[in-house]
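Each remark here refers to the structure printed beneath this line.
Chain A is the first sequence line, chain B the second, and so forth, proteins listed ahead of strands; every chain is numbered from 1.
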Amino acid sequence: MFLELEKEAEQVLKEALKKVSYEYKDLETGLELEESEHADITSRIAFSLARAYKQPPEIVAADIVNHLEIPAEHTLISNAVAAGPYINFYVNDFFLHKTLQRIKEGVKPVERKAKIILEHTSANPDGPLHIGHLRNAIIGDVLVRVLKRVGYDVKTHFYVNDMGRQIGVVVWGAERIAIADDKKADHAIADVYIAANRMVEANNEFLKDVEALMRKYEAGDEAVVKRYEAMVKKCLSGIQTSLQRLNILHDLFVWESEFVRGGAVKEVIEELKQKGNIKSDSSGSALLLQLEGMEKELVIQRTDGTSLYTARDLAYHKWKSNRCDRMIDVFGKDHELVSQQLAKALQILGVKAPEFVIFEFVSLPTGSLSTRAGRYISADELMEKIEERALKEVDKRREDLDEDKKLEIARKVGIGALRYDMVKVSPDKHIVFDFNDALDIEKKGAPFIQYSHARACSILRAAKEQGFSMGDYEPTLLKEKSEKELIKKLSKFWYIVERASSELKPHLVAKYARELAECFNLFYKDCPVLNAESELRKARLVLVECAKIVLSDTLNVLGIEAPEEM
RNA sequence: GGGCUCGUGGCUUAGCUUGGAUAAAGCACCGGCCUUCUAAGCCGGGGAUCGCGGGUUCGAAUCCCGCCGAGUCCGCCA
């Protein structure tokens, strides 16, 4: 409902600006409407008008407010005042009423918007997901949920890098090192990868074997393809298990080798030769592509004629672009330069520009993560330990529950805490991962929000048991400060989701979730529901119901489960 | 050496795109609150030269320049 409020304030402001002598259209600025702690919505337009018309902003604001006319009917605004240079708007009871009504009515009908393919995680199938991939996966997944919420048709891709050197090393190693069958598949593959890599690094002959393997795979040698596929699929099955546990699903796994053997890479290179500035390396037949504004050329083909990641990724994006209106890639900071090169090369090919969400690295206090060196914390280990810790907390508080129920709550709380932790931080912040900190369930954001939801459920459950109805209610009875604040916060759900979607900033939702839970807790403390007088009880039950819906929706957007009790 | 990002109370962060109302939260710390719907909660308190130095501006955490610190990338890895 906040979005509607914004629209109305905009309308009213525009009308007033027509009446005063200030022509805001002359200015490039908008109406500068924003959230405020001093009002329900505020405008700073007076500042920019003041500058343009050489008047004190206080005078401008007062002048505008004097000409403001708030419609008599169907309005959401009660009044507007000039507070110094600010124009503050306040909502009326109809706004509060309408907000609850909208939430009760259910999902906002969304128009069908563009089709989006969002790629995230895309970890190399050489081992399990570690905490760095976790950040990618969670940022990506929350973005997917945000975009779907506002009506986009989103498909998620996991791009499988099956042609890289790492996989060659794995396949080579698997011939010499036994794969543990008592371990989760991706962890068993990592063991082979780490051991084989040490052998290859120590012996140059082995490296040549690996390269020969890679050439055969690229050429489509049947026996080699079989060996590769077995390893990659094995590893991916483990990765998928981890993702499922995190509540993350991909619609499609796209293998990069498809683009090589299907001829798409070759086509892309031919097309670049026609349209781009390509030259051969002086020493051999490697192909270099000169990109506009780039210092160095991009190598798109090796001296031995085999393909390179960049060329394969170009083919993949070209293929994708024909299947959607927007392409969004969630990449680590190490891929930033590559993403720019990718974008420029795609431009040459006449392919629409992909959008990138770049996140900074997660590192350990001991340094950066590396699967190859075996220096990482796996997502599985983290999930296991955090669920364990969550179970302890449930045990402490709920002796009355049976084991299955406790485990279920611990799982929801543990994974929720993990997801919240990862998504609450802006993607461009570097994270130094602290295991003890990550496991400290008690000071996590997610359980706080889940707890509010459980409290709401608890009230509704009791109300149902006692046969209290909600039916018709009188919204004007909700006049406590905490009630109004809660409703106003509820009204901002769509505003926040819209912003997170248009700015591709998932952490905005995390922040909102916490604030919403806080508002609910204040209401919970201030306003008894079940023991309130009958009419007031009805109204408050409706408010609790609405809070429950929005808390649950918000958690859902974050991919966090909303337990009914905890 | 060059590019990009980050640097906000003891710790973790929001705010920076689009400069404006006392810099906003959580954790930790200190002190209170369970005879009413779950205390994973609520209330109060102390604690910040917004990395440092300049500049633009009536006004800078926010914009510009320089420096320092951290991370990351810089042609045949992905």
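In this entry the distance linking CG of A:L49 with P of B:C58 reads 18 Å, nearest Å. Rounded to whole Å, atom P of B:U36 lies 15 Å from atom NZ of A:K525. As a whole-Å value, the separation of A:E515 CD from B:G26 P is 11 Å.
In this structure, A:L522 reaches the sugar-phosphate backbone alone: every heavy-atom distance under 4.0 Å involves primed, P, OP1 or OP2 atoms, never a base. Residue contacts for A:K333: at a heavy-atom cut-off of 4.0 Å it reaches a base atom on one of the strands shown. A:A462 comes within 4.0 angstrom of no nucleic acid atom, judged by non-hydrogen atoms across all strands. Using a 4.0 Å heavy-atom criterion, one finds that A:V338 contacts the bases of the nucleic acid, with or without backbone contacts as well. Using a 4.0 Å heavy-atom distance criterion, A:R455 is classed as a sugar-phosphate-only contact. Backbone-only contact: A:G164 has heavy atoms under 4.0 Å from sugar-phosphate atoms and none from a base. Heavy atoms of A:Q340 sit nowhere under 4.0 angstrom from any nucleic acid atom.
In this structure, the separation between NZ on A:K489 and CD on A:E515 is 4.0 Å, given to the nearest 0.5 Å. In this structure, A:S426 OG and A:I139 CD1 are separated by 8.5 Å, a value rounded to the nearest 0.5 Å.
Using a 4.0 Å cut-off between a side-chain N of Lys or Arg and a carboxylate O of Asp or Glu, A:E201 and A:R198 do not qualify as a salt bridge. By the 4.0 Å N-to-carboxylate-O rule, A:R312 lies close enough to A:E256 to be salt-bridged with it. We find that A:E218 and A:K266 are not joined by a salt bridge, their nearest charged nitrogen and carboxylate oxygen being 4.0 Å or further apart. No salt bridge links A:E393 with A:R389; every basic N to acidic carboxylate O contact stays at or beyond 4.0 Å. For the pair A:E564 and A:R461, the salt-bridge criterion is not met [side-chain N within less than 4.0 Å of a carboxylate O].
No more than 12 heavy-atom neighbours from other residues, nucleotides or ligands sit within 6.0 angstrom of NZ on A:K392. Taking a 6.0 Å sphere around NZ of A:K344, one finds it holds more than 12 heavy atoms contributed by other residues, nucleotides or ligands.
Residues from residues 527-538 of chain A with heavy atoms under 4.0 angstrom of RNA chain B, sorted by number: A:C527, A:P528, A:V529, A:L530, A:N531. Residues from residues 391-401 of chain A with heavy atoms under 4.0 angstrom of RNA chain B, sorted by number: A:V394, A:R397, A:R398.
Nucleotides B:U57 and B:G69 have their P atoms positioned 32 Å apart, rounded to a whole Å. For the C1' atom pair drawn from B:G47 and B:C29, the interatomic distance equals 9 Å after rounding to whole Å. Across B:C6 and B:A61, the matching C1' atoms stand 14 Å from one another, rounded to whole Å. The same atom, P, is picked in B:A21 and in B:G59; the two are 15 Å apart, to the nearest Å. The C1' atoms of B:U22 and B:A28 are separated by 25 Å, rounded to the nearest whole Å. When the P atom is used for both B:G41 and B:A78, the distance is 48 Å, rounded to whole Å. Here the separation of B:U49 from B:C43, taken at their C1' atoms, is 31 Å to the nearest Å.
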Q: Using Watson-Crick or G-U wobble pairs with both distances under 3.5 Å, give me RNA chain B in dot-bracket, 5' to 3', with [ ] for crossers and | for pairs to another strand.
A: (((((((..((((......[...)))).(((((.......))))).....(((((..]....))))))))))))....
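A:R51 pairs by the side-chain contact (heavy atoms from CB on, under 4.5 Å) definition with nothing, not counting sequence neighbours. Taking A:L308 as the reference, A:V299, A:R302, A:T310 meet the side-chain contact (heavy atoms from CB on, under 4.5 Å) condition, with sequence neighbours excluded. The side-chain contact (heavy atoms from CB on, under 4.5 Å) search around A:I549 returns A:I103, A:E545, A:D553, not counting sequence neighbours. With sequence neighbours excluded, no residue forms a ring-ring contact (aromatic ring centres under 6.0 Å, His included) with A:F468. In this structure A:D428 satisfies the salt bridge (Lys or Arg N to Asp or Glu O under 4.0 Å) test with no other residue, sequence neighbours excluded.
Screening residues 361-375 of chain A for side-chain hydrogen bond (donor to acceptor under 3.5 Å, both in side chains), with sequence neighbours left out, gives A:S363-A:H430. Applying the side-chain hydrogen bond (donor to acceptor under 3.5 Å, both in side chains) test to every pair with at least one member in residues 530-541 of chain A, sequence neighbours left out, gives these pairs: A:E483-A:R540.
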Produce the list of close N/O pairs, under 3.5 Å, pairing protein atoms with atoms of nucleotides 27-29 of chain B; give distances to one decimal.
from, atom 1, to, atom 2, distance (Å)
B:C27, O2', A:K443, NZ, 3.0

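Distance from the side chain of A:Y524 is smallest to B:C37 among B:C37, B:A40, B:C4. Checked against B:C42, B:C73, B:U5, the side chain of A:E518 finds its nearest nucleotide in B:C42. Here B:A78 is the nucleotide among B:U72, B:A78, B:C73 with the atom lying nearest to any side-chain atom of A:H335. Listed nucleotides: B:G75, B:A14, B:G71. Nearest to the side chain of A:V299: B:G75.
Both tests pass for A:R261 against the ring of A:Y217: distance under 6.0 Å to the centre and angle within 45° of the axis. Relative to the ring axis of A:F448, A:R514 places its NZ or CZ within 45° and under 6.0 Å from the centre.
Taking the O4'-C1'-N9-C4 or O4'-C1'-N1-C2 dihedral as appropriate, B:G7 has a value more than 90° from 0 and is therefore anti.
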(Q) I'd like to compare against my own output: the B/S/- annotation of nucleotides 15-21 of chain B with a strict under-4.0 Å heavy-atom distance to protein. (A) S----BB
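The base of B:C76 sits with one of its N or O atoms less than 3.5 Å from a complementary donor or acceptor on the side chain of A:T303.
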